[in-house]
Each structure stands twice: as structure tokens, then as C-alpha cells.
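Notes to accompany the following structure.
Numbered from 1 within each chain, the chains take letters A, B, ... in sequence-line order.
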Amino acid sequence: MARCWLVKSEPDCYSFDQLVADGRTAWEGVRNYQARNYMRDDMRVGDVVLYYHSSTAVPAVVGLAKVASEAYPDATQFDPANEYYDPKATAAAPRWYLVDLEPVRPLARPVTLAELRADPRLARMQLLARGNRLSVMPVDPEHVKRVEELAAA
DNA sequence: GCCAACGTTGGC
DNA sequence: GCCAACGTTGGC
């Protein structure tokens, strides 16, 4: 069974609709080691990804995506003009890795953070853990299934 | 805009 | 290796 994941994105920055429009995107700009490690070490092509909109009026899971590539160095770390430039990274020793994502489909309707919190079956979801700030994290497949159920309800 | 939580940095 | 200071995240 493939592993499942959740990625956060601010919709004003890069929304799920934008991913659908683009058809595929490099998940650039992640600058947290744990999130990097998940992408670099644990993600596999075809893994299911919940797409979550954060820092917005109604935070919610809005769509399903999938991992579309193995991990490779994030090119933005090498570009001094890019906001994600990292002067300590070199081509010989990249610091940041990413994967490509492809959209699968939007949820029938967004499942809000408040709904997730209200569902006892999702109580152990890592997204809901106190103080969680990771932008890339694993999700239990049962929790993915439950989110899809809520979206269809 | 506020604030709690957390990660990173850098002095020692 | 400790830890205070600082910056960022993200809900509200």
C-alpha cells in the first residue's frame, strides 16, 4: 500500500486550481528539514497527496494530488534572485529536495479544518496535532478515506 | 493584527 | 552542547 501525504499551500500563493491548470508542478520552496526528508526519502511516484489550503479565511482540504516524480534538488536554492535562494547550498551538495506533484481531482467539496477537528475518527491526524507547522506530512490511509467520505457527504 | 508554537541561529 | 533571541507559520 502506497503511503499517503498531505501538503499545505497558501491559496493566494499556489492554489489547487492552479495545480489543475498547470497539470504538474515542482513542489519548490520547502525549507524545513523534516518536510524535505519526507519528500526526499519516503515519497514514491503514485503516492496519494491531500492538498490543503492554509493561511486563508477557511482552511480546508480541497483536492487530491499524487506524487509524480522521484525527489531531485530544488533548483530555486541555487538562484540568488529567487526568494528561496539558499547561499549555503551548492550543486555538489544540494540542501533542498522536492518532488513533482500532479492533480488527481478536486474533492466534491472542501473539507474544512473545523470539520476535520470535529470528527472523532480524525482525532489522531498529524495535521491536527497541537502546534503542527509542517508543510509536508504523512497521513494515515484511513484518514484519507475518511476525508473523502466527508467530502462526499 | 495578534499570538502561541516551533525551528534555526549564533554566542559562549 | 546549551540556550536566548529571533524569525516563521498559521489559526483566529
According to the salt bridge (Lys or Arg N to Asp or Glu O under 4.0 Å) rule, which pairs have a member within residues 55-64 of chain A, sequence neighbours left out? none

A:Arg133 versus A:Ser54, side-chain donor and acceptor atoms under 3.5 Å: no

Using the closest heavy atom to pick a nucleotide of DNA chain B for each, name whichever of A:Lys88 or A:Asn32 lands nearer the 5' end.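 Upstream on the strand: A:Asn32.
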
Show each protein N/O and nucleotides 9-12 of chain C N/O combination with a separation under 3.5 Å, one pair to a line.
residue	atom	partner	partner atom	Å
C:dG10	OP1	A:Lys8	NZ	2.8
C:dG10	OP1	A:Arg133	O	3.1
C:dG11	OP1	A:Tyr52	OH	2.6
C:dG11	OP2	A:Ser55	N	2.8

Nearest non-hydrogen partners of A:Ala26 and A:Asp100, listed with the distance: CA-OD1, 3.4 Å

Distance (rounded to the nearest 0.5 Å) between A:His53 NE2 and A:Leu113 CG: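 It is 14.0 Å, given to the nearest 0.5 Å.
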
Report the residue from A:Tyr51, A:Tyr97, A:Tyr38 that forms a ring-ring contact (aromatic ring centres under 6.0 Å, His included) with A:Trp27. A:Tyr51

